[in-house]
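Have a look at the structure below, then the notes.
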Amino acid sequence: MEEKANFVDMRRMMVENQIVSRGIKEKRVIEAFLKVPREMFVPEHLKECAYQDGPLSIGEGQTISQPYIVALMTKALDVKGGEKVLEVGTGSGYQSAILAEIGCDVYSVERIKKLAIRAKKVLKELGYNVKIKIGDGTLGWDEFAPYDRIIVTAAGPDIPPSLYNQLKDGGIIIMPVGDRYFQDLILVKKIGDRMEKKNFGGCQFVPLIGAEGWRDEEEL
Ligand code: SAH
């Protein structure tokens, strides 16, 4: 598919003005952001806004996260490629694409069927082999556990225990922990039977983890 040149320019400006200028300089992260066409992950009528410095509506009351938040969480995950990563909250599929571009083996769970199906389709079109399941991501995805990394892209009151149980020794979970109005980006590391917690700082509103929305679990 021929890509419009102005999206390439917008992408370069997004990386410079929103990501690098705010202190994210990791080469792998930057390269992935320069490659993944964010406009493919937003609704048709919002394509021209895809590179704005904020979240955008993707329907079903959900959003694609702000580019900087995606970059910050990706940096916090500390991936080099080759890690098995579980994502909770596929949404648009953009975060999955960034991780797949870095070379991670991505498993993603989304509770809203329509979003999961659309994300799977876009990812496939772009050549990313991301495994997606419709279901409650707070329960993880036991079948493929344990994971090297777990990224939760919806906020919740605490790290769900099932996710911690599905994490490998030495693994990392990153998740916005808080309420509807304010969250801290919390990084948890599993070191043997010790849990190390670090606060990555406050972050802006992200959607809350929902407790309903799916009927049957289904792998796409
Ligand atoms: N990573 C996404 C951000 C999506 S916003 C992106 O790059 O676009 C958070 C997503 O989490 C929403 O799509 C929401 O439906 C989903 N979600 C919320 N609670 C969930 C749960 N318990 N299980 C799975 N997905 C959930």
Side-chain angles (χ1 to χ4, degrees), residues 14 19 29 32-33 36-43 46-47 49-52 54-77 79 85-102 104 106-123 126 128 130-142 149-163 166 173-180 183 185 203-220:
M14 167 191 78
I19 295 175
V29 179
F33 273 80
V36 177
R38 185 167 160 96
E39 72 277 9
M40 298 293 288
F41 295 87
V42 305
L46 290 177
K47 281 202 186 318
C49 310
Y51 293 93
Q52 281 180 7
L56 286 172
S57 167
I58 52 170
E60 311 301 311
Q62 302 304 322
T63 52
I64 175 173
S65 308
Q66 179 192 17
Y68 174 65
I69 291 293
V70 179
L72 187 61
M73 290 183 87
T74 307
K75 171 186 161 160
L77 267 193
V79 283
V85 183
L86 173 69
E87 178 189 29
V88 176
T90 319
S92 67
Y94 182 66
Q95 174 77 70
S96 306
I98 294 286
L99 292 169
E101 183 61 48
I102 291 174
C104 300
V106 186
Y107 296 79
S108 189
V109 185
E110 169 59 53
R111 72 191 164 109
I112 300 176
K113 186 169 186 174
K114 236 174 157 173
L115 296 181
I117 290 173
R118 199 200 295 148
K120 178 78 192 180
K121 184 167 173 271
V122 174
L123 288 163
L126 293 171
Y128 297 117
V130 172
K131 271 70 73 187
I132 294 180
K133 183 173 90 158
I134 300 158
D136 180 6
T138 59
L139 304 175
W141 192 345
D142 210 19
R149 302 285 187 268
I150 299 180
I151 176 170
V152 186
T153 68
D158 210 345
I159 308 274
S162 333
L163 297 186
Q166 291 177 25
I173 302 182
I174 182 97
M175 171 174 174
V177 174
D179 57 25
R180 182 179 297 280
Q183 305 105 27
L185 210 48
C203 60
Q204 87 173 61
F205 172 78
V206 294
L208 288 178
I209 281 194
E212 70 248 352
W214 70 94
R215 292 208 167 72
D216 301 305
E217 288 202 349
E218 185 185 342
E219 186 177 343
L220 298 177

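Start at 1 and go down the list; that is how both ligands and their atoms are numbered.
For the pair V79/R149, a side-chain contact is recorded, criterion being any heavy-atom separation below 4.5 Å from C-beta on. Within the 4.5 Å cutoff, the side chain of V109 has no heavy atoms near those of the D136 side chain. In this structure, the side chains of S96 and T90 come closer than 4.5 Å at one or more pairs of heavy atoms. Using a 4.5 Å heavy-atom cutoff, the side chains of L123 and F41 are in contact. Between T138 and L163 the shortest side-chain heavy-atom distance does not fall below 4.5 Å. Between L99 and T74 there is a side-chain heavy-atom pair separated by less than 4.5 Å.
Residue contacts with ligand 1, taken as heavy atom pairs separated by less than 4.0 Å, involve Q62 solely via side-chain atoms from C-beta onward. In V70, neither the side chain nor the backbone holds a heavy atom less than 4.0 Å from any atom of ligand 1.
For ligand 1, the atoms lying closer than 4.0 Å to a non-hydrogen atom of I112 are 15 (O). Proximity to E87 (heavy-atom distance under 4.0 Å) selects the following atoms of ligand 1: 1 (N). Within the listing of ligand 1, atoms 24 (C), 25 (N) sit less than 4.0 angstrom from a heavy atom of V109. Taking a cut-off of under 4.0 Å to the non-hydrogen atoms of S65, the atoms of ligand 1 that pass are 3 (C). Every atom of ligand 1 is numbered from 1 in the order shown, and the set under 4.0 Å from a heavy atom of E110 is 10 (C), 11 (O), 12 (C), 13 (O), 14 (C), 15 (O), 16 (C), 24 (C), 25 (N). Every atom of ligand 1 is numbered from 1 in the order shown, and the set under 4.0 Å from a heavy atom of Y94 is 7 (O). Residue I64 approaches ligand 1 through these ligand atoms, each under 4.0 Å from one of its heavy atoms: 8 (O). The ligand atoms of ligand 1 that sit less than 4.0 angstrom from a heavy atom of G91 are 4 (C), 13 (O).
Note on ligand 1: G135 sits in its first shell, one or more heavy atoms being nearer than 4.0 Å. Residue contact check for ligand 1: E60 places no non-hydrogen atom closer than 4.0 Å to it.
No N or O atom of L115 sits closer than 3.5 Å to an N or O atom of ligand 1. The shortest N or O to N or O distance between I58 and ligand 1 is not under 3.5 Å.
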Original post:
Passes salt bridge (Lys or Arg N to Asp or Glu O under 4.0 Å), E110 versus K133? Steps please.
Top reply: CA-CA 6 Å; E110 169 59 53; K133 183 173 90 158; over 6 Å; no
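By the 6.0 Å and 45° rule, R38 stacks over the aromatic ring of Y94.
With respect to the salt-bridge test (charged N to carboxylate O, under 4.0 angstrom), the residues K114 and E60 qualify.
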